[in-house]
Every structure is written in structure tokens, then in C-alpha cells.
Amino acid sequence: MARTIDAGRPDVKRQDQSMESPIMNLFAEIRALVVAQLEAMMAEGVLPTGLELAAVAVEPPRDAAHGDMATNAAMVLAKPSGMKPRAIADDLAARLMADPRIAGADVAGPGFLNLTLSRDLWAGVVNAVLNEPAFGQSDMGAGRRVLVEYVSANPTGPLHVGHTRGAVFGDALAALLDYAGWNVTKEYYVNDGGAQVDVLARSVYLRYLEAHGQAVSFEDGTYPGDYLIEVGQALKNKVGDAYVGQDERVWLDDVRRFGIDAMMALIRADLAKLNVTMDSFFSERSLYGTGLIEAAIADLDAKGLIYQGTLEPPKGKLPEDWEAREQTLFRSTAHGDDVDRPVQKSDGAWTYFAPDIAYHYDKVQRGFDELIDVFGADHGGYVKRMKAAVSALSDGRVPLDIKLCNLVKLYRNGEPFKMSKRAGTFVTLSDVVEQVGPDVTRFVMLTRKNDAPLDFDFAKAVEQSKDNPVFYVQYANARVHSVLRKAAEAGIDITARPVLEDEAEFAVARKLAEWPRLVEIAARNHEPHRIAFYLYELASEFHALWNRGNDKPELRFLQEGNTLASSGKIALPRAVSVVISAGLGILGVTPAEEMR
RNA sequence: GGCCCCGUAGCUCAACUGGAUAGAGCGCCAGUCUUCUAAACUGGAUGUUGCAGGUUCAAGUCCUGCCGGGGUCACCA
């Protein structure tokens with residue numbers, strides 16, 4: 001995947017601004033300064049040599065009154081150095097003060113070192129946002145190859161709301177990792193090999209008979225959904241009456257293929273509505289008869305992890321029809337699972353777990369450095385066994401992170417949204433996207449942590465007020481563009497170096513400076529929701545600044561009759577727009593330039 | 001019964017590989033529009049972070065045990 005995040009960055013020439021290098025990640029740079037000073041202290045014998053500095057952090061303080069940044073250096077080094085935190089902090093503070101970027105360094109609390117930065121730096125941050133296309137991006141991923149598998153819904157019908165959350169989450173996570181320097185592949189695993197696609201085939205066959213005028217009923221768990229009517233009709237158009245009255249053995253393979261193709265076309269169309277794109281689709285069926293499952297199991301066998309055995313009955317309530325069976329088992333307990341898992345049934349057929357192992361074996365074989373699976377929360381029980389499988393197959397080299405997306409509860413004006421499963425009708429991805437649009441759907445789905453349940457209210461999602469985070473963020477961006485349009489009319493140079501004076505302006509600039517750091521935190525934790533929360537906070541700072549123009553006209557971005565002052569003021573809102581656009585780009589949301 | 005997730009203000013939720021006095025929004029009260037869009041902003045009250053221990057200089061965060069909610073649990077995928 002290419003770096004397709006369009007930050008909406010205006011095409012401007014690089015400002016000629018002395019020899020200073022652009023401020024790409026202020027927190028990383030100040031941390032580097034702190035570390036350098038600590039190393040100097042070690043070299044001079046003030047601190048013992050060989051101290052581990054990994055735990056030294058430079059963070060935004062919880063309370064802005066504490067300064068611009070805080071470091072825990074003195075506290076984490078106190079014990080290993082055998083020194084008092086304040087002694088370290090005092091010495092470190094004096095050294096940091098020698099750097100022109102540091103305007104203040106105060107020891108506080110148990111040994112925190114609060115740093116106040118030179119005011120000039122903030123304009124440099126704004127400048128970097130505007131002129132450095134890579135601002136916010138990170139090389140944290142170092143080009144490592146990561147496979148993000150998501151959606152992976154059974155090809156038996158349209159995607160529903162639950163899938164929608166997984167689709168949005170996976171897509172945003174993939175974009176986030178891409179932005180943070182990983183080499184990302186997005187993949188959909190097509191479960192076209194199990195019994196449920198046979199059920200699909202029989203359901204399609206019923207609709208086919210129906211298209212031939214026969215009365216049919218959907219029993220034995222066949223799918224009654226309307227979406228198969230046209231598939232049955234299409235099958236009729238293709239094969240005429242060739243399968244009418246024929247035994248299943250005659251038509252099953254062909255109808256199954258036909259049904260799966262139709263369902264995957266449906267699913268791809270659903271994903272397209274959400275602007276979700278996959279790099280590849282991996283067929284479960286392609287694992288059968290090709291030796292891939294056998295190869296994966298053989299790999300485990302070679303590691304002594306496959307054996308014939310009988311599982312204990314589950315603890316607690318004993319299923320009534322439980323009976324001991326000897327099966328082929330994977331010794332997943334050797335890699336952290338609670339019990340060993342069957343890979344072959346007693347009749348020798350593969351269990352569903354075997355192709356899953358083979359699929360992940362294939363992922364490892366393809367050379368990915370990291371794997372991420374996005375599942376629904378109802379798959380929580382498979383986490384340990386899949387991790388065990390990947391650990392075994394890769395000899396612990398390839399980490400697998402499994403992100404579980406919790407339920408989506410639908411509401412309309414606070415009232416739960418009923419759906420009837422019995423009638424085969426359920427709220428689909430299409431239903432949601434057609435009502436609120438892809439941008440709103442995506443943003444709302446990302447305003448919760450993946451493992452927390454999500455309430456989705458159709459009415460609130462499209463409400464145009466500050467109560468709606470989607471709108472709130474979009475509106476901030478629209479306000480900036482309103483200013484830019486007016487600036488263009490007034491012939492104002494919008495490429496001048498930023499001039500910051502007011503506290504509210506510095507507050508916005510500080511928030512902008514956090515962006516690269518936030519990207520890394522979100523990427524490291526595989527938590528794209530952090531982007532959404534950050535954008536809300538940035539928009540909030542921006543709206544606050546905007547409204548300060550009410551009380552203090554000199555803070556308005558456009559200064560009546562003073563194009564020079566306007567030029568200096570306008571850089572900050574432009575930078576806000578750049579970061580909002582970049583952030584929304586990661587979430588897959590189009591930044592609106594005006595609200596209607 | 002086993003395993004996994006969750007439990008934070010009246011409500012919905014944040015909280016950075018463990019950091020300072022746990023933060024937002026909603027709701028409630030009081031203010032701000034001859035304006036670059038008031039679709040916004042400003043100020044005010046709210047906590048035994050489910051309970052009890054433990055580790056640590058420092059715990060909402062890590063460990064143990066309980067309580068409550070959800071998910072899941074032997075040839076189904």
C-alpha cells in the first residue's frame with residue numbers, strides 16, 4: 001500500500017528560514033536532548049556509567065500549568081544510580097538550561113523535571129506542519145511487513161453492522177501503520193471451504209427453483225434472505241432448467257461456486273460503499289487439495305506438536321452427549337493455550353482449525369514480520385489457539401496481535417433499533433452507510449476503543465452540532481477553509497512565517513506538536529481510536545481560539561486592512577487543517593471544506 | 001465450572017510501554033453573536049477508578065482473590 005494519505009497540504013515553497021532543521025517531532029527531539037545530557041553526566045562521572053535509559057520519557061504534562069513537557073528521568077534513574085531523584089534532576093536541569101530551546105526547567109513533585117520551551121519553537125512547529133510533507137509520519141515501523149487481516153466475513157450474505165465495525169477498524173489500523181512506517185498488506189480471508197457455503201449453495205438452489213415457479217420453503221437452516229432471489233434468477237439465466245429436479249451431487253459444486261462468487265461480489269460492493277479496499281482476498285478453499293494444510297500440520301508435527309489423543313471433557317457442566325474420542329491434536333498448550341486443540345476429526349477430516357493454521361502458516365511463509373487479525377468479540381475463544389499456532393509455526397519470531405471488535409448496538413433517537421433475525425432481515429452495512437454516509441459511519445465506529453461496546457445512534461450520527469464529534473471535527477476544518485477562501489479573495493499571502501502571540505495560539509501549536517507522538521502511540525498500541533480522540537481535542541483548541549476572536553478582534557486570523565498581520569496569523573489555522581486532514585485521512589474520512 | 005473482555009462523575013466515555021491534584025462530552029446553572037459560519041465559545045458542581053490485599057519512589061494501569069456485566073467453551077465454521 002502506498003502512502004496515500006492526502007494531507008490536503010497546499011503546494012507551497014519551502015520557507016527560507018535560516019539553517020535550522022525542521023521540527024518533526026518535538027517530543028522526540030527534546031527527549032534526545034535529555035538523553036544526551038544524561039549520557040554526558042555518565043561520561044563525567046556524575047552518574048554511574050551503563051545506565052539503561054529506555055524508561056526515560058518526555059511527555060506532555062497532565063496539567064498545562066506544569067510547563068510544556070515533563071521528564072521522569074530523575075525518578076527512573078534514582079534507584080539504579082543509587083542517587084536521590086532531586087540531585088539528578090537539579091544537575092540535569094542546569095545542563096538542559098544551556099540549550100537555547102529550553103526556557104525553564106523546574107524540579108517538582110517527587111522528582112519530575114518540568115520543562116518550559118522557548119516560545120520561538122512553537123512557530124517552528126507550525127512551520128514544519130505546513131512545509132514538511134512528512135510531518136506526523138514516523139519511521140517507527142522501519143518498513144517491517146505487517147499483514148492486517150480483517151472483515152473475513154463468511155461469503156453467505158451481505159455484510160451487517162458488526163462487520164462494518166471490523167471493516168472500519170481494520171482499514172484505519174492499516175492506514176495508521178502505513179503512516180507510521182510499516183509496509184502494510186490488507187487481506188480478507190474468504191471462508192469458502194466449510195459447511196456454511198454448502199448451505200449457501202442449497203439456499204441459492206431453492207431460489208433457483210423459485211425462479212422456475214416452484215414453491216419453496218427455507219428449512220434446515222437455509223438462508224431465507226431476499227438477497228438470494230436475484231442470485232437464483234441469475235443462476236436460472238445461466239443454466240436454464242438443467243438443475244431442476246436433479247440430485248444435489250449434480251449441481252452442488254457449480255451452484256456453490258456460483259453462490260460464493262455472487263456473495264463476494266456483494267461483499268466487495270459493500271466494502272466499496274465504505275471506501276474499504278483490500279490488497280488481497282485469500283480463499284480457504286485454495287488450501288484444500290493443494291497440500292497446504294498437510295504442509296502446515298507437518299511443520300507442527302516436525303516440532304513434536306502433533307499427537308493422537310483424547311481430550312478431557314470440558315470442566316463444569318458436562319455436555320449431555322459428550323463422549324471420549326481419539327483425535328489428532330495440536331499441542332497448543334506448549335505455546336500458551338489452555339488445552340490442546342483438535343485439527344482432525346475422528347473420521348480423519350480436518351476440523352475448521354486446520355485450515356486456519358494453514359492460512360497463518362502461509363502468512364508466515366510469505367515473510368511477514370508481524371501479523372494482525374481483526375475478529376468479532378465472539379471469537380475471543382480462538383485468540384489463544386491462533387497465537388499458539390503462529391508462535392509454533394514461526395518459532396516465536398512473528399508476533400500475532402488479535403484485535404477483538406465488540407458489539408455495535410443500534411439506536412434511533414435513543415430507542416434501541418429492533419431487527420428481526422427470524423425473518424432473515426438484519427441491519428446491513430448498506431443500511432447504515434446509505435443512511436449516514438461512509439464518513440460518518442467510519443468516524444463514529446472509531447470513537448470507541450475496539451474492545452468496548454459501541455452505541456450507534458442514527459439520529460445523533462448525522463446531527464450537526466458540537467454533540468456530534470464527526471461534525472465538530474469537520475466543522476473546525478470547514479472554518480479554516482472559510483478563512484482561506486476569504487484570504488484568497490483579499491489577496492493575502494498565506495505562505496508567510498507564522499506569528500504566534502496569544503496563549504490560545506500557543507495552546508493550538510502545542511496540540512499540533514503532539515501529533516507525531518500521538519501517531520506513534522496509536523500505532524504501537526494498534527489503537528486507531530486515539531486518532532479520533534486527538535482530532536476532537538485539536539478541534540476543541542481550535543474552536544476556542546476562533547471564539548477568542550469575539551473578545552479580542554486582534555486574534556482573528558483575518559485582520560481588517562492589514563494583510564501583513566493576516567499573513568502571520570493565517571499559518572496556524574492552515575496547520576490545523578493540515579493535521580486534521582491527515583488524521584481524517586488515516587481514519588478514511590473525507591475532510592469537509594464547507595458544511596452544508 | 002474453565003478461559004477472555006469489561007467495571008472510572010447522574011449518563012456516555014478518555015487517561016500515553018506505571019507518573020504529579022484521575023480528564024472530556026452530555027445533562028444542570030450562569031454568561032458570550034453590528035463576527036473570519038454562535039452549527040461555536042467561556043465560567044461553575046460532580047469521584048473510596050466494583051471490593052480486599054500485594055508489588056513499586058509512584059497503581060485506574062501490574063499481580064492475587066472475591067463481586068457484578070458480557071462473550072465463549074468437546075468432530076459447528
Side-chain angles (χ1 to χ4, degrees), chain A residues 54-55 57 59-63 66 70 72 75-76 78-79 84-85 108-112 114 154 191 193-197 284 310-319 321-325 327 337-339 341-342 344-353 355-356 376-384 404 406-407 447-449 451-453 455 463-469 471-472 474-476 478-480 482-487 514 517-518 520-522 524-525 527 529-530 533 536-537 540 543-551 553 556-560 566 569-570 573 594-595:
Chain A
E59 302 174 322
R62 212 174 266 254
D63 187 341
H66 293 146
N72 61 356
M75 285 182 293
V76 297
K79 195 170 189 180
K84 288 180 179 170
F112 278 100
N114 290 328
N154 290 339
N191 286 103
Q196 79 280 11
V197 285
E284 176 191 356
T310 305
L311 287 174
E312 298 278 309
K315 299 221 167 65
K317 287 175 190 167
L318 189 66
D321 57 346
W322 192 88
E323 56 183 86
R325 307 180 187 90
Q327 300 170 278
D337 202 356
D338 303 312
V339 293
R341 307 290 177 176
Q344 261 181 324
K345 305 174 193 176
S346 50
D347 66 359
W350 298 115
T351 64
Y352 69 90
F353 187 39
D356 282 345
D378 56 341
H379 285 63
Y382 308 123
V383 171
K384 283 191 179 182
L404 300 177
N406 215 313
L407 299 173
T447 52
R448 273 308 88 101
K449 213 162 19 182
D451 54 8
D455 293 340
E463 185 176 295
Q464 302 220 330
S465 80
K466 67 190 171 69
D467 303 342
N468 181 356
F471 169 79
Y472 190 79
Q474 292 277 31
Y475 183 43
R479 277 182 151 175
V480 175
S482 169
V483 170
L484 293 177
R485 283 190 295 271
K486 289 196 159 55
E514 286 179 29
R517 182 171 180 276
L518 184 108
E520 295 193 344
I521 291 169
R524 179 173 58 230
N525 294 305
E527 291 180 342
H529 76 276
R530 290 176 187 270
F533 280 96
Y536 183 86
E537 290 167 10
S540 178
H543 286 309
L545 173 60
W546 179 286
N547 275 74
R548 270 194 101 165
N550 288 345
D551 300 333
R556 294 180 191 175
F557 306 126
L558 298 178
Q559 298 290 316
E560 190 83 24
S566 300
K569 286 281 179 213
I570 213 162
E594 52 187 334
M595 311 302 294

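Bear in mind the structure is a predicted one, so any value in this text is a computation, not a measurement.
When rounded to the nearest whole Å, the span between CG of A/Leu484 and C1' of B/U37 equals 14 Å. Taking atom NZ on A/Lys79 and atom C1' on B/G19, their separation rounds to 16 Å, with Å as the unit. Per the geometry, CD1 belonging to A/Ile521 stands 12 Å off P belonging to B/G18, to the nearest Å. Atom P of nucleotide B/G18 and atom CG of A/Asn525 are separated by 10 Å, given to the nearest angstrom. Here the C1' atom of nucleotide B/A15 and the CD atom of A/Glu527 are 11 Å apart, to the nearest Å. Distance A/Glu59 CD to B/G23 P: 15 Å, rounded to the nearest Å. B/C76 atom P lies 14 Å from atom CG of A/Asn154, rounded to whole Å. For the pair A/Arg448 CZ and B/A24 C1', the computed distance is 11 Å after rounding to whole Å.
The gap from the C1' atom of B/G60 to that of B/U49 amounts to 5 Å, rounded to the nearest Å. For B/A22 and B/G47, the C1' atoms lie 9 Å apart once the distance is rounded to whole Å. Separation of the C1' atoms belonging to B/U8 and B/U48 is 12 Å when rounded to the nearest angstrom. Spacing between B/G50 and B/U61 at atom P, rounded to whole Å, works out to 8 Å. When the C1' atom is used for both B/G23 and B/A45, the distance is 15 Å, rounded to whole Å. Going from the C1' atom of B/U17 to that of B/U12 covers 28 Å, rounded to whole Å.
Residue contacts shown for A/Ala324 are absent, as no nucleic acid heavy atom lies under 4.0 Å away. A/Ala349 comes within 4.0 angstrom of no nucleic acid atom, judged by non-hydrogen atoms across all strands.
The pair A/Glu527-A/Arg530 meets the salt-bridge criterion, since a charged nitrogen lies less than 4.0 angstrom from a carboxylate oxygen.
Closest to the side chain of A/Lys486, out of B/G19, B/U37, B/C41, is B/U37. When distances are taken from the side chain of A/Pro342 to each of B/C41, B/A77, B/A74, the shortest belongs to B/A74. With distances taken from any side-chain atom of A/Val76 to the nucleotides B/A74, B/C41, B/G19, the minimum falls on B/G19. Checking B/A38, B/A14, B/C26 against the side-chain heavy atoms of A/Asn550 singles out B/A38 as nearest. Closest to the A/Arg556 side chain, of the nucleotides B/C36, B/A20, B/U32, is B/C36. For A/Met75, the side-chain atoms get nearest to B/C57 when compared with the rest of B/C57, B/U37, B/C75. Side-chain proximity of A/Ser482 to the nucleotides B/A74, B/U12, B/C36 is greatest for B/C36. Comparing B/C41, B/U37, B/C13 against the side chain of A/His543 picks out B/C41 as the nearest. Side-chain proximity of A/His66 to B/A20, B/C41, B/C36: nearest is B/A20.
Evaluation of atom-type donor-acceptor distances gives no pair under 3.5 Å for the side chain of A/Tyr475 against the base of B/A38. Between the side chain of A/Arg530 and the base of B/C16 there is no donor-acceptor pair of N/O atoms closer than 3.5 Å. Interface remark: the A/Arg325 side chain does form a donor-acceptor pair with the B/A74 base, using a distance-only criterion of under 3.5 Å.
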Give every pair of a protein N or O atom and an N or O atom of nucleotides 58-67 of chain B that lie under 3.5 Å apart, one pair per line with the distance.
none

Filtered N/O pairs between nucleotides 2-5 of chain B and protein, under 3.5 Å:
unit_1	atom_1	unit_2	atom_2	d
B/C3	O3'	A/Lys384	NZ	3.2
B/C3	O2'	A/Asp338	OD2	3.3

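In this structure, A/Pro60 and A/Glu514 have side chains that are in contact, with non-hydrogen atoms separated by less than 4.5 Å.
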Quick one: the dot-bracket string of RNA chain B, using Watson-Crick and G-U wobble pairs with both distances under 3.5 Å, [ ] for crossing pairs and | for bases paired to another strand.
(((((((..((((.....[...)))).(((((.......))))).....(((((..]....))))))))))))....
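Ring centers of A/Tyr472 and A/His543: under 6.0 Å apart, within the cut-off.
The backbone N or O of A/Leu404 sits nowhere less than 3.5 Å from a side-chain atom of A/Asp451 that would complete a donor-acceptor pair.
A stacking contact between A/Phe533 and B/A14 is absent: the pair does not combine a ring-centre distance of less than 5.5 Å to the base's six-membered ring with planes differing by less than 30°.
Map A/Gly549 and A/Ala195 each onto its nearest nucleotide of RNA chain B; the residue landing nearer the 5' end is A/Gly549.
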